[in-house]
A.B. asks: 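Structure incoming, see below.
Bear in mind that the values here come from a model prediction, so they are computed numbers and not experimental data.
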Amino acid sequence: MRAGDELPQLTVPITRTLIVAGALASRDYQDVHHDAELAKAKGSPDIFMNILTTNGLVGRYITDHFGPTAVLRKVAIRLGAPNYPGDTMVLSGTVTSVDGGTAQVRVVGANGLGHHVTGTVTVQVGAGR
């Protein structure tokens, strides 16, 4: 693991089920995450993914790459373009720095509208050993 290393991309199909299940699992009952008609009444073309689901997908992306002993120490993300049903989000990452067993990874999740999520994840590798 070195600064400049690129993580393999992860392609995530954005399904209606993923959006609704992620919102409900994170106890986010805001109607724009599960009711298309109410989301449209509020000006959105459809339901859209909440930040907690996005945060979980970013965490999965990092731990899938670094393995089961990886520990997320900090996840700092910002949302951009919404994830709507029927789109695809592609997560990519680049290691920006390494200090011992801890790495910082710049993460971007892009969909058909642009960047859905951008941010930095600090991960400790081999923490469970």
Side-chain angles (χ1 to χ4, degrees):
M1 165 179 62
R2 294 183 302 238
D5 286 353
E6 292 190 16
L7 281 60
Q9 292 183 334
L10 174 65
T11 300
V12 181
I14 306 302
T15 65
R16 192 167 297 282
T17 300
L18 174 62
I19 293 169
V20 172
L24 295 178
S26 61
R27 295 184 170 183
D28 183 345
Y29 304 115
Q30 199 169 39
D31 52 22
V32 294
H33 303 307
H34 62 84
D35 188 315
E37 293 308 313
L38 289 175
K40 289 175 186 175
K42 292 182 178 182
S44 178
D46 206 336
I47 62 172
F48 53 91
M49 185 175 285
N50 72 354
I51 193 169
L52 298 170
T53 304
T54 300
N55 195 61
L57 290 169
V58 167
R60 170 196 166 194
Y61 175 59
I62 297 297
T63 58
D64 278 1
H65 177 74
F66 288 103
T69 61
V71 175
L72 303 178
R73 295 296 180 192
K74 181 177 179 183
V75 178
I77 60 172
R78 294 187 69 141
L79 293 184
N83 267 341
Y84 292 117
D87 208 341
T88 300
M89 178 175 65
V90 178
L91 288 161
S92 58
T94 304
V95 177
T96 57
S97 67
V98 178
D99 183 11
T102 301
Q104 284 211 342
V105 181
R106 175 83 176 142
V107 176
V108 174
N111 62 29
L113 297 173
H115 288 168
H116 168 68
V117 62
T118 57
T120 304
V121 177
T122 303
V123 58
Q124 186 176 355
V125 180
R129 293 183 190 167

A.B. asks: Take L24 and Y29 through the test side chain to side chain contact (heavy atoms under 4.5 Å, CB included) and record every step on the way to the result.
C.D. replies: CA-CA 6 Å; L24 295 178; Y29 304 115; 3.6 Å; yes

A.B. asks: Do L18 and I77 belong to the same hydrophobic cluster, where Ile, Leu, Val, Met, Phe, Trp and Tyr are linked whenever their side-chain heavy atoms lie under 4.5 Å apart, directly or via other members?
C.D. replies: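 Yes; tracing contacts between hydrophobic side chains, which count when under 4.5 Å, links both residues.
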
A.B. asks: Report all side-chain donor-acceptor pairs from residues 49-60 shorter than 3.5 Å, counting only partners two or more places apart or in another chain.
C.D. replies:
| residue | atom | partner | partner atom | Å |
| --- | --- | --- | --- | --- |
| N50 | OD1 | T53 | N | 2.8 |
| N50 | OD1 | T53 | OG1 | 2.6 |
| N50 | ND2 | S26 | OG | 3.1 |
| N50 | ND2 | D28 | OD2 | 3.1 |
| T53 | OG1 | G22 | O | 3.4 |
| T54 | OG1 | N50 | O | 3.3 |
| T54 | OG1 | H116 | NE2 | 2.7 |
| R60 | NE | D64 | OD2 | 3.2 |

A.B. asks: Apply side chain to side chain contact (heavy atoms under 4.5 Å, CB included) to residues Q124 and T69 and explain how you reach the verdict.
C.D. replies: CA-CA 8 Å; Q124 186 176 355; T69 61; over 6 Å; no

A.B. asks: Could you walk me through whether V12 and N83 pass the side chain to side chain contact (heavy atoms under 4.5 Å, CB included) test, one step at a time?
C.D. replies: CA-CA 11 Å; V12 181; N83 267 341; over 6 Å; no

A.B. asks: Salt bridge (Lys or Arg N to Asp or Glu O under 4.0 Å) with K42: which residues, sequence neighbours excluded?
C.D. replies: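 Once residues adjacent in sequence are excluded, the partners of K42 under the salt bridge (Lys or Arg N to Asp or Glu O under 4.0 Å) criterion are D31.
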
A.B. asks: More than 12 heavy atoms of other residues, nucleotides or ligands under 6.0 Å from NZ of K74: yes or no?
C.D. replies: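 At most 12 heavy atoms, drawn from other residues, nucleotides or ligands, come within 6.0 Å of this atom.
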
A.B. asks: How long is the straight-line distance from NE2 of H115 back to CZ of R78, given to the nearest 0.5 Å?
C.D. replies: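 Result: 14.0 Å between the selected atoms.
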
A.B. asks: Taking side chain to side chain contact (heavy atoms under 4.5 Å, CB included) as the definition, give me every residue that meets it alongside A41, ordered by chain and number, with sequence neighbours left out.
C.D. replies: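 Scan of A41 (side chain to side chain contact (heavy atoms under 4.5 Å, CB included), adjacent residues dropped) gives none.
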
A.B. asks: What residues, two or more places apart in sequence or in another chain, satisfy side chain to side chain donor-acceptor pair (under 3.5 Å) together with T15?
C.D. replies: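 T15: no side chain to side chain donor-acceptor pair (under 3.5 Å) contacts found.
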
A.B. asks: Can you tell me how far CD1 of I47 sits from CD of Q30, rounded to the nearest 0.5 angstrom?
C.D. replies: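 Reported value, rounded in 0.5 Å steps: 12.5 Å.
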
A.B. asks: So V105 and I62, side chain to side chain contact (heavy atoms under 4.5 Å, CB included) or not? Walk me through it.
C.D. replies: CA-CA 8 Å; V105 181; I62 297 297; 3.9 Å; yes

A.B. asks: Same cluster for V107 and V125 if Ile/Leu/Val/Met/Phe/Trp/Tyr side chains link at under 4.5 Å?
C.D. replies: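 In one cluster with V107: V125, yes.
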
A.B. asks: Can you give each donor-acceptor pair under 3.5 Å made by side-chain atoms of residues 84-101, sequence neighbours left out, with the distance rounded to 0.1 Å?
C.D. replies:
| residue | atom | partner | partner atom | Å |
| --- | --- | --- | --- | --- |
| D87 | OD1 | G112 | N | 3.3 |
| D87 | OD2 | G112 | N | 3.0 |
| T96 | OG1 | Q104 | O | 3.2 |

A.B. asks: Sequence neighbours left out, what passes salt bridge (Lys or Arg N to Asp or Glu O under 4.0 Å) with D46? Give chain and number order.
C.D. replies: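 D46 satisfies salt bridge (Lys or Arg N to Asp or Glu O under 4.0 Å) with R16 once adjacent residues are dropped.
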
A.B. asks: Under a single-linkage definition using a 4.5 Å side-chain heavy-atom cutoff for Ile, Leu, Val, Met, Phe, Trp and Tyr, are L79 and V32 assigned to the same hydrophobic cluster?
C.D. replies: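 No, it is not one cluster - the side chains of L79 and V32 are not joined through contacts under 4.5 Å.
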
A.B. asks: Among the clusters formed by ILVMFWY side chains lying less than 4.5 Å apart, do Y61 and V121 turn up in the same one?
C.D. replies: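 Hydrophobic grouping puts Y61 with V121.
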
A.B. asks: If only atom types and distance count, is the side chain of H33 paired as donor or acceptor with the main-chain N or O of F48 below 3.5 Å?
C.D. replies: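 At least one qualifying donor-acceptor pair exists.
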
